[in-house]
Amino acid sequence: MKIASWNVNSIRARLPIVTDWLASRRPEILLLQELKCEADAFPAEPFAALDYQAVVVGQKSYNGVAMLVRRPLAIERPLLALPGDEADAQARYLEATVAGLRVATLYLPNGNPVDSDKYPYKLRWMARLRAHAAGLLAQERPVVLGGDYNIIPEPEDVHDPEGWRNDALFRLESRKAYRALLHLGLTEAYRALHPAVPGQPPAYTFWDYQAGCWPRNLGLRIDHFLLSPQAADRLESCTIDRQPRGLDRASDHTPVVLVLRD
DNA sequence: ATGGTAGACCCTCTA
């Protein structure tokens with residue numbers, strides 16, 4: 001079972017890059033974030049032509065998440081929002097059951113600037129995610145929570161830790177909230193298989209469009225897969241596919257690919 | 001030089 005997660009920074013702007021990638025990699029599930037369109041405007045037909053059905057939670061201009069599932073697998077019991085705040089209209093969470101796995105695609109709030117109301121919103125959203133994940137874990141089933149967490153977990157995951165010290169993606173308060181989520185009993189798939197080694201090349205999933213960050217490899221590792229124990233027991237591989245980031249008109253994120261044993 | 005890019009879309013916001 002191959003599951004990929006990709007913040008595409010507009011699905012309509014990225015359509016040929018995403019369809020080409022799907023045609024060659026053929027994951028069973030692709031989790032998308034930052035669609036930047038309403039559900040009605042999601043380009044479902046080119047994905048259907050590749051045998052992928054889609055569930056979309058969209059919003060005009062901002063946010064938006066989707067789950068693409070390759071036939072003949074079915075999408076069961078979709079949940080179209082993160083529970084815990086009925087008034088939250090931002091399209092950032094979608095969860096469904098596929099082949100006995102409970103799978104979520106999530107776009108955690110960025111939270112910058114930290115002195116705006118965006119930052120407390122990020123922390124509240126993380127508290128809601130933690131509460132919801134606790135309920136999922138209590139069911140003792142395989143759960144995969146994938147997406148753009150907008151969290152740099154450790155100094156090894158950013159090119160300039162000192163410069164990012166007070167950023168909403170890296171400040172201690174954010175990392176503590178992320179760690180509290182992990183401490184429920186979730187396994188972060190990439191780091192579990194690839195411990196950071198001093199002197200080895202860093203592993204990033206995002207490079208800013210500005211200041212030549214991609215050619216200079218000044219990136220961040222902010223896209224993650226968190227696994228319940230029943231999913232972690234099946235963990236075979238987790239890799240970062242840098243190829244699409246080097247294309248013309250690329251997203252600023254590149255896909256993370258998880259493989260679970262059947 | 002306090003810089004630079006990208007996407008959506010009404011011109012400024014978000015990242």
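Keep in mind the model is a prediction, meaning the values are calculated, not measured. Because only heavy atoms are used, hydrogens play no part in the values below, and waters and symmetry mates are left out as well, while side chains stay in.
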Lys/Arg cation over aromatic [Y]: [X], 6.0 Å, 45° cone:
X: A:Arg171; Y: A:Tyr119; value: yes
X: A:Arg92; Y: A:Tyr107; value: yes
X: A:Arg221; Y: A:Tyr190; value: no

- Message: For A:His224 and A:Tyr178, take the angle between the two ring planes, folded into 0 to 90°, and tell me which bin it lands in: parallel under 30, tilted 30 to 60, perpendicular over 60.
- Response: tilted
- Task: Kindly say if A:Lys60 contacts the phosphate of B:dA8, meaning a side-chain N or O under 4.0 Å from OP1 or OP2.
- Result: no
- Item | Whichever of A:Arg92 and A:Lys36 has its nearest DNA chain B nucleotide further upstream toward 5' | A:Lys36
- For A:Asp241 and A:Arg25, what are the C-alpha separation, side-chain angles and deciding distance, and is it a salt bridge (Lys or Arg N to Asp or Glu O under 4.0 Å)? CA-CA 10 Å; A:Asp241 184 354; A:Arg25 269 53 165 196; 2.8 Å; yes
- Query: Between CG of A:Asn150 and NZ of A:Lys122, what distance do you get to the nearest 0.5 Å?
  - Reply: 5.0 Å
- Rounded to whole Å, CG of A:Leu169 lies from P of B:dA15 at a distance of 10 Å
- Counting any heavy atom closer than 4.0 Å, what does A:Tyr107 reach on the DNA or RNA strands: base, sugar-phosphate only, or nothing? sugar-phosphate
- Message: Base, sugar-phosphate or nothing for A:Arg216? Non-hydrogen atoms, less than 4.0 Å.
- Response: nothing
Can you give me the N/O atom pairs linking the protein to nucleotides 2-5 of chain B at distances under 3.5 Å, or say none if there are none?
{"residue": "B:dG4", "atom": "N3", "partner": "A:Gln210", "partner atom": "OE1", "Å": "3.1"}

- Query: Near DNA chain B, which residues from residues 245-257 of chain A have a heavy atom under 4.0 Å away?
  - Reply: A:Arg249
- Item | Distance, C1' atom - from B:dG4 to B:dA15, rounded to whole angstrom | 14 Å
- Among the nucleotides B:dA15, B:dC13, B:dA8, whichever has the atom closest to the side chain of A:Ala13 is B:dA8
